[in-house]
Amino acid sequence: MLKKEFLLSIVVPVYNEEGNLQKLYDELIETISTYNYEIIFVNDGSMDASKEIIQALILKDSRIKLIDFSRNFGHEAATSAGVIKSKGNAVVIIDADLQDPPELIHKMVDKWQQGYQVVYAIRGDREGEKKFKKFTSSLFYKIMDYMADIQIPRNTGDFRLIDEKVVADFRKLKEKNRFFRGLICWVGYKQTGITFDRLERFSGQTKYNYLKLFRLAMDSITSFSVKPLQVITLFGVILSSISFLLILIFIVIKLFLKFPVSGWTSLIITILFFSGIQIFIIGIVSEYISRMFIEIKNRPLYLIDKIYSKEEKDG
Ligand code: UDP
Ligand code: MG
């Protein structure tokens with residue numbers, strides 16, 4: 001059941017990408033000009049000339065749209081906004097920095113035509129990345145596999161094609177803590193991956209530092225799993241049983257054996273050890289509470305200042 005007449009939406013989150021946009025557009029067009037397409041740039045509060053460059057592109061190509069955020073809301077919010085506003089039968093999410101090669105879109109569309117609803121790109125060789133980043137990323141996937149009830153495919157980013165059916169489901173999700181890759185995995189359907197070699201950023205710097213990556217990891221684990229809470233409960237049960245036993249033993253020793261109590265060192269070590277564990281446990285619980293706080297406030301994921309497109313300008 002080959003779909004001949006279809007609209008392909010390309011969603012590009014943009015944050016300070018002035019050096020990449022023209023080249024991205026040129027490369028995209030080379031690949032998608034044979035399709036019926038729309039390109040949705042989401043300007044996530046860029047402070048450079050990204051917005052003006054996209055506005056200039058709109059004048060040349062009426063199939064481009066720009067969603068302009070009121071400030072920087074983050075990569076996940078920008079991706080969500082683009083996907084939610086897309087009209088295509090298939091939607092491709094691609095980074096603006098040319099780390100995701102546009103020519104892969106052909107292969108994605110082919111797989112989609114074969115009946116897959118999600119086609120994600122797997123990073124084969126990660127040329128542009130340091131060893132430490134690769135290590136932390138593989139550690140993250142290991143923890144995620146253990147903790148969450150979903151299996152997120154390894155070495156994938158947001159670069160993927162999703163069917164309009166998945167987009168419709170995605171629109172129904174109301175949660176604020178979004179981990180796009182995880183959610184797309186969670187919806188199910190027929191999914192497949194294709195491998196590519198990830199290149200270095202064409203221009204500019206990565207916007208993810210380790211602190212941001214850590215927040216992302218915490219978001220993704222806590223939004224897909226309550227296992228950390230279960231683990232600490234189990235931990236608490238084991239520790240209090242041990243403590244109870246020790247208390248009994250110490251009482252017996254005190255009453256019947258009359259040992260002189262020395263050992264300040266062991267006492268202080270025990271106190272430090274258990275207070276450390278308690279703070280760690282409170283920390284994990286707070287991660288969940290803070291997310292509940294955010295969900296309860298129910299603020300929008302992002303605020304759109306304006307949507308620009310050729311039609312709106314003309315009409
Ligand atoms: N991005 C965004 N908002 C942000 C940070 C990043 O829209 O707050 C965009 C950025 O412009 C790029 C994509 O998200 O198109 C991926 O960002 P980046 O290349 O910095 O991440 P990395 O490839 O290093 O994981
Ligand atoms: Mg990048």
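Every number for a ligand or one of its atoms is a count from 1 in the order of the listing.
- Counting heavy atoms under 4.0 Å from ligand 1, residue Asn16 does not touch it at all.
- Counted by atom type alone, Asn20 and Asp97 present zero donor-acceptor pairs between their side chains at under 3.5 Å.
- Atom OD2 is the N/O/S atom of Asp97 found closest to the Mg ion (ligand 2).
- Relative to atom 7 (O) of ligand 1, the option among Gly157, Pro13, Gly45, Ala81 with the closest non-hydrogen atom is Pro13.
- The option from Asp158, Asp44, Ile93 that lies nearest to atom 3 (N) of ligand 1, judged by heavy atoms, is Asp44.
- Looking at Gln99, Glu17, Lys212 and measuring to atom 23 (O) of ligand 1, the nearest heavy atom belongs to Gln99.
- With 2.8 Å as the limit, Asp95 does not count as an N, O or S neighbour of the Mg ion (ligand 2).
- Side-chain atoms of Tyr15 and Asn43 include no donor-acceptor pair closer than 3.5 Å.
- Every atom of ligand 1 with a heavy atom of Asp95 under 4.0 Å away is listed here by number and element: 13 (C), 15 (O), 16 (C), 23 (O).
- Here Arg215 pairs with Glu287 in a salt bridge; the nearest charged N to carboxylate O distance falls below 4.0 Å.
- Residue Asp97 approaches ligand 1 through these ligand atoms, each under 4.0 Å from one of its heavy atoms: 19 (O), 23 (O).
- For the pair Ile10/Glu38, no side-chain contact is recorded, criterion being any heavy-atom separation below 4.5 Å from C-beta on.
- With Leu8 as reference, Val92 is the one residue of Val92, Ile39, Val91, Asn36 to meet the side-chain contact (heavy atoms from CB on, under 4.5 Å) rule.
- Both tests pass for Arg71 against the ring of Phe73: distance under 6.0 Å to the centre and angle within 45° of the axis.
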